[in-house]
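Contents: one structure, followed by commentary.
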Amino acid sequence: MRHALALAERAAEEGEVPVGAVLVRDGEPIGEGWNRPIGAHDATAHAEIQALRDAGRRVGNYRLPDTRLYVTLEPCVMCAGAIVHARVGEVIYGATDPKAGACGSVFDLLPSDGRFNHRTQCRGGVLAETCGEMLRAFFRSRR
């Protein structure tokens, strides 16, 4: 999660909402990303999507089984869908997202929705205060 926080800092430095993500397999990072929707002019350029794209390029496959995704903010519905399609095994997130979270805060897509053909485990609250404070400080500075 600390590496994801460092990536979130990078997003903040670029004027993006500070969210970072790292995809890990067998204890080794295979993909990383940070929020880039503004700079990339791409609504899908969330940290999780960036990490999945990076990992897919590195391993030569969009299926990423037996992986853990560490992300500083609870994934949204779009990211949850991509996580399911990539077959990520577990999502570990920091701060909850009371407006758009898809791991139980607003929506419960990971892992509760049995309609998907893949179940991704989800665990939140890891370094939640640190992750949440980074987001709060970013938005305070923008007001």
Side-chain angles (χ1 to χ4, degrees), residues 1-113 116 118-143:
M1 187 62 77
R2 295 214 185 274
H3 185 60
L5 280 162
L7 295 168
E9 275 292 328
R10 193 163 176 183
E13 290 167 4
E14 294 178 9
E16 304 276 359
V17 175
V19 179
V22 179
L23 191 68
V24 175
R25 179 182 281 154
D26 298 325
E28 295 295 323
I30 62 167
E32 61 182 39
W34 57 93
N35 266 7
R36 300 207 61 244
I38 298 166
H41 309 290
D42 180 357
T44 69
H46 288 192
E48 300 94 324
I49 303 295
Q50 299 290 84
L52 293 173
R53 288 175 179 160
D54 185 34
R57 281 189 294 270
R58 288 187 196 194
V59 303
N61 195 337
Y62 76 100
R63 299 269 196 221
L64 302 163
D66 304 316
T67 56
R68 284 186 173 159
L69 181 65
Y70 294 85
V71 60
T72 58
L73 181 65
E74 180 182 6
C76 70
V77 171
M78 174 186 69
C79 292
I83 288 163
V84 168
H85 285 288
R87 306 294 193 263
V88 171
E90 183 177 18
V91 172
I92 300 161
Y93 65 90
T96 59
D97 185 346
K99 293 185 178 180
C103 295
S105 291
V106 178
F107 304 98
D108 203 7
L109 300 179
L110 301 176
S112 294
D113 197 312
F116 294 128
H118 174 75
R119 308 277 315 252
T120 298
Q121 297 306 305
C122 214
R123 178 169 41 115
V126 176
L127 296 178
E129 186 54 38
T130 304
C131 295
E133 183 50 39
M134 183 182 285
L135 288 158
R136 287 187 294 275
F138 175 80
F139 287 113
R140 271 195 306 270
S141 74
R142 309 278 284 189
R143 290 185 191 127

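Counting all heavy atoms, side chain and backbone alike, Ala102 lies closest to Val77 at CB-N, 3.7 Å. Phe116 approaches Leu109 most closely through the heavy-atom pair CE1-O, 3.7 Å. What you find for Arg58 and Gly31 is that their closest heavy atoms are NH1-N, 4.4 Å. Closest of all the heavy-atom pairs between Glu32 and Trp34 is OE2-CZ3, 4.5 Å. Closest non-hydrogen pair, Arg123 versus Glu90, comes out as NE-OE2, 3.5 Å. Closest heavy-atom contact between Cys122 and Cys103: SG-SG, 2.7 Å.
With hydrogens and angles disregarded, a donor-acceptor distance shorter than 3.5 Å links the side chain of Thr120 to the backbone of Val88. A distance-only check finds no donor-acceptor pair linking the side chain of Asp26 to the backbone of Glu28 [under 3.5 Å]. The backbone N or O of Gly39 lies less than 3.5 Å from no partner atom in the side chain of Glu14, so there is not a single donor-acceptor pair. Listed for the His3 side chain is no donor-acceptor partner under 3.5 Å among the backbone atoms of Gly20.
Other residues, nucleotides and ligands contribute only 12 or fewer heavy atoms inside 6.0 Å of the CG atom of Asp66. Around the NE2 atom of His85, the shell of radius 6.0 Å holds no more than 12 heavy atoms that belong to other residues, nucleotides or ligands.
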Any chance you could lay out the salt bridge (charged side-chain N to carboxylate O under 4.0 Å, His left out) test for Asp42 and Arg53, step after step, and finish with the verdict? CA-CA 14 Å; Asp42 180 357; Arg53 288 175 179 160; 3.7 Å; yes
The test is side-chain contact (heavy atoms from CB on, under 4.5 Å); show your working for Arg2 and Leu127 and say whether it passes. CA-CA 8 Å; Arg2 295 214 185 274; Leu127 296 178; 3.7 Å; yes
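Thr72 is listed as a side-chain neighbour of Met1, based on a closest heavy-atom distance under 4.5 Å. Taking the side chain as every heavy atom from C-beta outward, Val106 and Asp97 never approach each other to under 4.5 Å. Side chains of Thr44 and Met78 form a contact here, defined as non-hydrogen atoms less than 4.5 Å apart. With contacts defined as side-chain heavy-atom distances shorter than 4.5 Å, the pair Pro18/Glu9 does not qualify.
Residue pairs satisfying the side chain to side chain donor-acceptor pair (under 3.5 Å) criterion with at least one member in residues 124-138, sequence neighbours excluded, are listed as follows: Glu129-Arg136, Glu133-Arg136, Glu133-Arg140.
Partner of Cys131 under the side-chain contact (heavy atoms from CB on, under 4.5 Å) criterion, chosen from Val126, Val71, Leu5: Leu5. When each of Leu7, Leu73, Val17 is checked for a side-chain contact (heavy atoms from CB on, under 4.5 Å) with Asn35, only Val17 meets the rule.
Rounded to the nearest 0.5 Å, atoms NE2 (His118) and CZ (Arg87) are 6.5 Å apart. Once rounded to the nearest 0.5 Å, the distance linking CG of Asp54 with CG of Leu23 reads 9.0 Å. With rounding to the nearest 0.5 angstrom, the CD atom of Glu74 is 3.5 Å from the OG atom of Ser105.
Residues forming a side chain to side chain donor-acceptor pair (under 3.5 Å) with Glu48 (at least two apart in sequence, or on another chain): none.
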